[in-house]
There are 2 protein chains.
Amino acid sequence: MSRSHTRVAEAVKDEACPVTEVLDRVAGKWSIGILIAAAHGPVRFTELERAIKGISRRMLTLNLRRLERDGLLIRTVHPTVPPKVENRLTPMARELHDSLTGLVGWAERHRSTIAAARVAYDTAAEQRPDTD
Amino acid sequence: MSRSHTRVAEAVKDEACPVTEVLDRVAGKWSIGILIAAAHGPVRFTELERAIKGISRRMLTLNLRRLERDGLLIRTVHPTVPPKVENRLTPMARELHDSLTGLVGWAERHRSTIAAARVAYDTAAEQRPDTD
DNA sequence: CTGCATCCTACACGATACTG
DNA sequence: CAGTATCGTGTAGGATGCAG
């Protein structure tokens, strides 16, 4: 088990690598949440704001813009008096959404294990006066 | 000290957002790259450093520690004269790795589309003196 | 309702130097 | 080889207030 992975290492080399690319796009505290929250069809700004919970208007706006800029999100503005904006994912984003749910599923499955690992790690660290 | 977890907002709404959980773990410029680079078995520090290329020693170390703390990575130190440290993913991390490669695959498939979308978006923005 | 402007803090990351 | 220590920077993100 070695040769086939060489390409992975090579793929990871410079800034232009897809890894960093996707990272940049999905990075951030809210991107994934927004993508998932917006996945079930046209969603309005306020809906997202409530759905995601914890996100600030500023962050929602900024992330929405970035996603739109990357062609992951389509923002439809209805020039009505009370402004109405519908956000929906592009097909491309829906593909991403699949990987994302996979990620979330993983998180759900192992959350407790991870939490335990952290406690164990921290405890072990505290046991070591050196690490203090 | 592990204080100041402004990021996760801790236990308050942890159950509510496994999204944020996973985000926090995969967030960062290098986490994914490291996980992928370390996926093919025991890898030494320097190997990772060379494989990922662009990463600083400091960042490699920090991320390695975090992954280890979360129970995603096992760090085996061989107390030999030239220190030898082997890093390998835990089974849990391997599952994550699958989602990750999915993510990377998506990135590879749509990279050009995204780039185009950006250009289009930016161009459109420049066309609008109003936006100035 | 949807968003932008401003201010401010925290932290991720980089560069460099030192060490066992 | 595999880190650690320190300093400096950029920017993500939060809080608040104003606006079409």
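The structure displayed is predicted, hence computed values, not measured ones. In what follows, every chain begins at residue 1, and chains take the letters A, B, ... in the order their sequences are listed.
In the hydrophobic clustering (ILVMFWY side chains linked at under 4.5 Å, chained through shared members), B:Ile74 stands by itself.
Pairs of residues two or more places apart, or lying in two chains, that qualify as salt bridge (charged side-chain N to carboxylate O under 4.0 Å, His left out) and include a residue from residues 112-123 of chain B are A:Arg69-B:Asp122, A:Asp70-B:Arg118. Within the structure, every pair that satisfies the ring-ring contact (aromatic ring centres under 6.0 Å, His included) test and touches residues 70-108 of chain A, not counting sequence neighbours, is listed here: A:Trp106-A:His110.
As rounded to whole Å, 14 Å separates atom C1' of D:dA2 from atom CD1 of B:Ile34. C:dC1 atom C1' lies 11 Å from atom CZ of A:Arg50, rounded to whole Å. If you take CD of B:Glu49 and C1' of C:dA15, they are 13 Å apart, rounded to a whole angstrom. Computed from coordinates, the A:Arg57 CZ to C:dC1 C1' distance equals 9 Å when rounded to whole Å. Taking atom CD of residue A:Glu47 and atom P of nucleotide C:dC1, one finds them 11 Å apart after rounding to whole Å.
Between the B:Asn87 side chain and the B:Val43 main chain, a donor and an acceptor come within less than 3.5 Å of each other.
The minimum heavy-atom distance linking B:Ala38 with B:Leu73 is given by the pair CB-CD1, 4.4 Å. Annotation for B:Leu35 and B:Leu89: closest pair O-CD1, 3.5 Å, computed over non-hydrogen atoms.
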Can I get a per-line list of side-chain donor-acceptor pairs under 3.5 Å for residues 56-63 of chain A, giving both atom names and the distance, sequence neighbours left out?
unit_1: A:Ser56; atom_1: OG; unit_2: A:Met59; atom_2: N; d: 3.2
unit_1: A:Arg57; atom_1: NH1; unit_2: A:Glu49; atom_2: OE2; d: 3.3
unit_1: A:Thr61; atom_1: OG1; unit_2: A:Arg57; atom_2: O; d: 2.9
unit_1: A:Asn63; atom_1: OD1; unit_2: A:Ser31; atom_2: OG; d: 3.4
unit_1: A:Asn63; atom_1: OD1; unit_2: A:Arg66; atom_2: NH2; d: 3.4
unit_1: A:Asn63; atom_1: ND2; unit_2: A:Met59; atom_2: O; d: 2.8

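Using a 4.5 Å heavy-atom threshold, the side chains of B:Val26 and A:Val26 count as separate.
Considering only side-chain N and O atoms, A:Ser56 lies nowhere under 4.0 angstrom from the phosphate OP1 or OP2 of D:dA15.
Sorted by residue number, the members of residues 58-77 of chain A with any non-hydrogen atom under 4.0 Å from DNA chain C read A:Arg58, A:Thr61, A:Arg65, A:Arg75. Near DNA chain C, meaning a heavy atom under 4.0 Å from it, residues 81-89 of chain A has A:Pro83, A:Val85 in order of number.
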